[in-house]
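Input: a single structure, listed below in structure tokens.
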Amino acid sequence: MKIQLEDILKNGVAEIESADDLKTLDDLRIKYLGKSGALTTILRGMKDVAPEQRREIGSLANSVRENIENALSQKLADLENAKLLADMEKEKVDITEPSKGVKRGALHPLTRFNNKFMEICVEMGFTVIQGPEVETDYYNFEALNVPKNHPARDMQDSFYITDNILMRTQTSNMQIRAMEKMKPPFKVVCPGRVYRNDSDSSHSPIFNQFEALVVDENIGLKDLMMMIKEILKRLYGENIKIRVRPSYFPFTEPSIEIDATCQMCHGKGCNLCKGTGFSEFFAAGVVNPKVLEMSGIDSKKYSGFAFGPGIDRSVMVTNKIPNIKYLFKNDLRFLKQMR
Amino acid sequence: MKVSYNWLCDFVDLKNISPKEIAEKLTVSGFEVEDVLYMNEHLHDVFVGHIDKIEKHPQADRLVVCQVDVGFKKVQIVTSATNVFEGANVPVSLDGADLCNGVKIKPSNFRGVESDGMFCSGEELGIDDNYFDGAGVNGILILPNEFKPGTKIEDALMLNDVAFDINVTPNRSDCNSVIGIAHEICAMFGKKFKDFDVSYSTVSGDVNDFVKVSVETENCPRYMASYVKNIKLSRSPLWLRSRLFAVGIKPINTMVDITNYILVEQGQPMHAFDYKYLDGKKINVRQAKEGEKISVLNGNTYNLDKDVMVIADQNKPVVIAGVIGGVNSCINQNTTESVFECAVFDLKSVRLTAKKFGLRTDSSARYEKGVNINSPTLAMRRALHLVDKLGCGQIVGGIIDICSEKIGIKQKLTLSYSKIIKILGVDIPKEKVVEILSGLGVETSVSGDTLTCVPPLLREDLQNENDIAEEVIRIYGYDVYNDLDGGLFENSSITIGQFEPRLSMENNLKNILVDKGFYETLNYSLYTASACDKLLLSKDDERRKVITIANPISEDMSTVRTVMAHALLLDISSNLSVGNKDMRFFEVGRVYQPKSLPLTELPTENNRLSFAVCEKDYDFFQMKGLVEDLLVGFQISYTLKRSEQPFLHSGVSADLVANDGRVIGWFGKVHKSVLKNYDISQDVYYGELDTDFLASLPEKKYETKEISKFPPVERDLAIVVDENVTNEELVQAIKSACGKTCFDVQLFDIYRNNTLGEGKKSMAYKIVLSSDDKTLTGDEIANIMKRVLKGLQFRFGAKLRD
């Protein structure tokens, strides 16, 4: 009997180990542990075993049973695992196939630039404001020290609606609106659309500006320059260089234009910057005291400065946009490049 | 504004200062030089040559071989020109020359005979008869005998000047003149301005005996007149022609050239009348009368009215003041006596007149920039000086000067030095400030912090510390700021930054749309007047009240938009036309609705978000989901009503109606006729939201409650109802029948089939029931479901689907 049990153990474990599917394994379980299985049959014969041997044989039989059960469950786990792996192998995909689902679209490059610029300004303490695009002559010109028939109006051909109402030619109208509403010291910035009746092919009749105005005590041209330097650094990195040129705007005195390292060629010289390595970024100046006074701000106590980047041009340079007309053309082939 | 180097040399010593240096310095000091034009650019290697001998070419009948003395050597030139002769002086271009017409000269061989170069025509040297006699002939330019062989042609013909094209800013009208720019150059280079000669001799008589001047309009604050007789008109001397030519003015004759010379040099327009055509020997400066006409030098005749200022004689207008002269009274070959006008006209009046007639002359352009009241004083005398110098007439004593303003009075400014420094933020010592200002002709004295400044007569633009600060810094050099360091907020106060709430909210919406595959577009807010027609807006639609641009650039951009949809439909159309597919676009923009027309007050500018999809298999419910997602973050409840937008498909579109009944947006399929109007052959879904309204909503409050401890139960219910019963009605009915045990009701299937009966549909709902305080028993659930079905049967005639 002992020998029989040892044979069962030996053969059973060997057979279980060599089983290669669940069905075979189940058959083996029945063959050895089933109601008429080999081990069961032997255990049923225990009554014929001499009592002094019963303990020994019994414990041997139990151990054989345990070993076979262990072998069965081990094998079962192995086979199940193998099946999982086989199933998973079947699920293998070509990972280079295209992705599914709705693809993200994209913001317009102008929005990106505006948002970045606004963020920088807000961090520096500016309040973002918005105002009308259809504007009165007073806010667009007169209050900015450009009386009717002033030659400076030639610089800005306007779309008129009536004698007194026009499409704003500059976001500078918001300087006046801000000064009328807010108490100094304040810093405001206003992104917006402006309109010029300009038939020049390289200019768009509708374009974007970004007006910034600071009114405070004791500020001047140097403070303006420091702020502009900081903005340019945040936009284009520490290495940006600037160059100041004199200019003229009726509402600022002194008036300047600020060039910075051309972002198209990074200062090497290209078509856009006409080989100078610098391209125009900001028009700026110290607010003309006449303008402060007209808007009810005491020019003896307060001074101000204003600046505005050429947004469309900056967007072009930042994104290396080959043609300014792309900005309003909305061709999907262009927009998709902004993803 | 063009000025020339040689001309500037009359007023400032430019020895050792190159044109390039001048251009650079002018630009950094506020006078942007847009172009430097070298008149001799194409004249190098061209010399005066003397033809010693002409022989026939041995091989060619049409060519001759010339032996030519070019001073420093003898050369041989083969030419086909027929107007050359032995003993003639001609321009000879030699090896290396690069002529105005693009011809490059190299020695060459003409049928076996060497030619060292080429004779030149006037055209090849860039000149014509107006500049030099004989320059216009079809052949070689024959030069005067007195020209010395070997002289560079640019020197012989005085084509050695350099012109600067300067962009003069509107505040510096005084610099639209050679003397103005010369003053600036003096300040930049620390030179002294050389005064110019205004002396002349007169003959007996008095101007008042020849002409009477009266000024009857306030648009002419100053009118000066002088009288010149025994005029002998001729070509001006070469030096004078050279200067006019350099700045792009055609030389005509002495008298006309003098007026042009004064315009450029002094920045003062002048006019010369032919005296014999002045009826009554009178000059009357007045506004024109209705019905008056004038024929002017450009060949046109204009109808005048009271807004036009004219110079008239006793009977009729003879000049449109400051703009253009009449045909009859102008200097011509028979002129023997002339009245010179040197006046100041109001810039607004001249501007309006020039604009009205579309007439822009050198004179009107100058007047529009503003001529100083003091300008004629010296300009008139300078003109008479030239008359005398050129010997073109006799000047009768006296100058008529009618002036309604004070002249010769300099303003005195009392300014604070420390304020100037505060404006600049750069420490420039007092002495340096005084030095710079004195260089600009501003007489300056210092006492403590006080600067007393007396600007030159023509510098009306200098009025306060800011003006003076600008003068100081532009001469001192703006490059001081390039590398300046210092605290960012050294002088300014701390302020708290703040985003504009609507812009921030719009940015959130934009990001949702981008996540859902949309691309942002930018469109013009001006569009064609036909947009409202294309979008089928009804006659009485408010949005047909559009603002019209008075001076549009084109019909395409003639009205200010009142509807957003036009732009995105155009975008889709143009994208389809270039072969782009599957478009999801949005735009954030404004519509401008006038309160009344014609516009008397500013319109309402409404910010809107519009979005459109042109994509296969897209449908109404996808866009509905988009709209729900866009609105989910707002504190708002709204309902959907069938849309009333004329450009949407009435059966597949909805208006979003807020609680107060206000329509805050709409979406749906675009009307098929509209698509046709935009040449779009696929379905388009379009939607729009009022972002001003959304920005006005209070921030959304999120309040949560406890999750039930008891398990929810799901039951499916499929019923058959009439087609016209809506999902919303059924859901509401189910919810109310379930009472507070209702957790969720979801439609999961719609089925239509003839077996259900005509006009019927099957709607299948998943109903989730849950109680906050107990586990629902089977009986309770069955009762609820029974109640639901009974309610649906009662209200909608619903039947349980088999």
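Side chains are part of it too, since the values below use all heavy atoms of this structure and drop only hydrogens, waters and symmetry mates. In what follows, every chain begins at residue 1, and chains take the letters A, B, ... in the order their sequences are listed.
With respect to A:Lys222 and B:Glu490, a salt bridge is recorded, a charged nitrogen being found less than 4.0 Å from a carboxylate O.
Scanning residues 599-607 of chain B against chain A with a 4.5 Å heavy-atom cutoff picks out B:Leu599, B:Thr600, B:Glu601, B:Leu602, B:Pro603, B:Glu605, ordered by number. Using a 4.5 Å cut-off between non-hydrogen atoms, the part of residues 332-339 of chain A that approaches chain B consists of A:Leu332, A:Arg333, A:Leu335, A:Lys336, A:Arg339.
Between the CD atom in B:Gln498 and the SG atom in A:Cys121 there is a gap of 14.5 Å [rounded to 0.5 Å].
No other option in B:Lys510, B:Arg474, B:Lys355, B:Lys419 has as many heavy-atom pairs under 4.5 Å with chain A as B:Lys510. Of the listed residues B:Lys581, B:Glu587, B:Glu32, B:Arg502, the one with more heavy-atom pairs under 4.5 angstrom with chain A than any other is B:Arg502.
When only modelled atom types and interatomic distance are considered, A:Arg245 and B:Thr27 share no side-chain donor-acceptor pair under 3.5 Å. In the model, B:Asn491 has no side-chain atom that pairs as donor or acceptor with a side-chain atom of A:Asp216 under 3.5 Å. No hydrogens or angles considered: a donor-acceptor pair under 3.5 Å links the side chains of B:Lys422 and A:Asn218.
Residue B:Tyr592 touches chain A through its side chain alone, counting heavy-atom pairs closer than 4.5 Å. Heavy-atom distances place the side chain of A:Leu110, and not its backbone, under 4.5 Å from chain B. Using a 4.5 Å cut-off between heavy atoms, B:Val560 contacts chain A through its side chain alone, with no backbone atom that close.
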Item to complete: For the pair B:Asn580 and A:Asp331, evaluate side-chain hydrogen bond (donor to acceptor under 3.5 Å, both in side chains) and give the outcome as yes or no after the intermediate values.
Response: CA-CA 8 Å; B:Asn580 292 334; A:Asp331 189 312; 2.9 Å; yes
Item to complete: Check step by step if side-chain contact (heavy atoms from CB on, under 4.5 Å) holds for B:Asn507 and A:Thr111.
Response: CA-CA 9 Å; B:Asn507 264 331; A:Thr111 300; 4.0 Å; yes
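In this structure a side-chain-to-backbone donor-acceptor pair under 3.5 Å is present from A:Asn330 to B:Leu522.
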